[in-house]
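Comments concern the structure below.
Every chain is numbered from 1, with letters handed out A, B, ... down the list of sequences.
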Number of protein chains: 2
Amino acid sequence: MPRDTQQIVRALKGRKLRVTPQRFAVYANLLDRTDHPTAEQILDDLNRDAPTSSQATVYSSLQALREVGLVREVLLEEGIRRYDANVAPHHHFRCEACGTIEDIAWDEIHVSVGRLRPGLQVERYEVTVHGRCESCGQ
Amino acid sequence: MPRDTQQIVRALKGRKLRVTPQRFAVYANLLDRTDHPTAEQILDDLNRDAPTSSQATVYSSLQALREVGLVREVLLEEGIRRYDANVAPHHHFRCEACGTIEDIAWDEIHVSVGRLRPGLQVERYEVTVHGRCESCGQ
DNA sequence: CTTTGTGCAAACGATTTGCAGGATG
DNA sequence: CATCCTGCAAATCGTTTGCACAAAG
């Protein structure tokens, strides 16, 4: 369910990215999923019905979107790069059974990172929680 | 500075791993560094002076060590797999400037992961802190 | 002596790159 | 119409695999 087209166009233009159909599609796709897909999954999804974008273009679009801060990379599994259009601070939960990744709202976890050992300047942090999701129960 | 040889041999045997020179070397190397090296860095380090181990062997040793719980994989950067012989629970700090990774003792950070949303069973969690290390100053 | 591990080289999968043609602002 | 982007295919990088030989227990 694509959201407001104008909004996406504005986001891209605002970041000085040319609005090409491919780039638009990649970002729109990411905005409409909460499953943190890999580049390959996005590509497959985009080309499901009709050919929309090439592999190289999806990769370069993701890179561009990441550089301008519209998309972030999520690293929770060995050698797998996932993407997320939710760039607001939040934590992640990963089901050890099925691999599903879910967002955890920032306030759901309380963290107090004092001023660690002297010399380390903290800029940001995030928590990764591992466990079992609802469907994988115990 | 290799630590007690006996200790390493015991650790391997205790996990039912044959004590080969290559496997011993990989684990010893990891025990003696705190920089969370990649497989390639370990390989280079081992073969610095004399050829010690082949690439394939380092990879398979790391996998074996990981399976028996002597080593863990650390994922903090895009597509980079690092290894750590410190398997006790702890957090990580990554300098955004130089990429250095440092361990943060478990008690240095206080986290309260309540029982998130119903259905999610928490097994473990860890915090990743991003910032600047001492040498990269402010 | 049985089983497991090593080394080599080939195979792989994901990501990147070079470049010519096409689209955007 | 200058610049940036796309698509293709080839190149690259880290990791894995198959297999014959060697070593460990």
Taken to the nearest whole Å, CZ/B/Arg15 to P/D/dG25 is 17 Å
Self-check item: B/Glu108 and B/His90 side chains, donor-acceptor separation under 3.5 Å
Solution: no
Is there a path of hydrophobic side-chain contacts, each under 4.5 Å between heavy atoms of I, L, V, M, F, W or Y residues, that connects A/Phe93 with A/Val74?
no
| said: Under 3.5 Å, is there a donor on one side chain and an acceptor on the other for A/His92 and A/Asp103? | reply: yes
When B/Thr52 and A/Thr38 are each assigned the nearest nucleotide of DNA chain C, the 5'-most assignment goes to B/Thr52
Can you say whether a donor on the side chain of B/Arg81 sits under 3.5 Å from an acceptor on the base of D/dT15, or the other way round?
no
Open item on the list: Does D/dT15 have OP1 or OP2 under 4.0 Å away from a side-chain N or O of B/Tyr59?
Closed with: yes
Closest to the 5' end of DNA chain C, once B/Arg18 and B/Gln55 are matched to their nearest nucleotides, is B/Arg18
Here the distance between atom C1' of C/dG7 and atom CD of B/Gln22, to the nearest Å, is 9 Å
Rounded to whole Å, CD of B/Glu40 lies from P of D/dT16 at a distance of 14 Å
Here the gap from B/Glu40 atom CD to B/Arg81 atom CZ, rounded to the nearest 0.5 Å, amounts to 13.5 Å
Taken to the nearest whole Å, CG/B/Asp44 to P/D/dC13 is 14 Å
Check your understanding: Phosphate oxygens OP1/OP2 of D/dC5: is one of them under 4.0 Å from a side-chain N or O of A/Ser60?
Key -> no
From CD of B/Gln63 across to P of D/dG14 the rounded distance in Å is 18 Å
Separation of D/dG14 atom P from B/Ile42 atom CD1, nearest Å, is 14 Å
Problem set entry | A/Arg117 with B/Glu134: basic N within carboxylate O range, under 4.0 Å | no
Of the listed D/dT6, C/dG5, C/dT17, the closest approach to the B/Thr20 side chain comes from C/dG5
* State whether B/Thr57 places a side-chain N or O below 4.0 Å from either non-bridging phosphate oxygen (OP1 or OP2) of C/dG7. => yes
B/Tyr83 OH to D/dG14 C1', in whole Å, measures 10 Å
In whole angstroms, the gap separating P of D/dA24 from CZ of B/Arg23 amounts to 11 Å
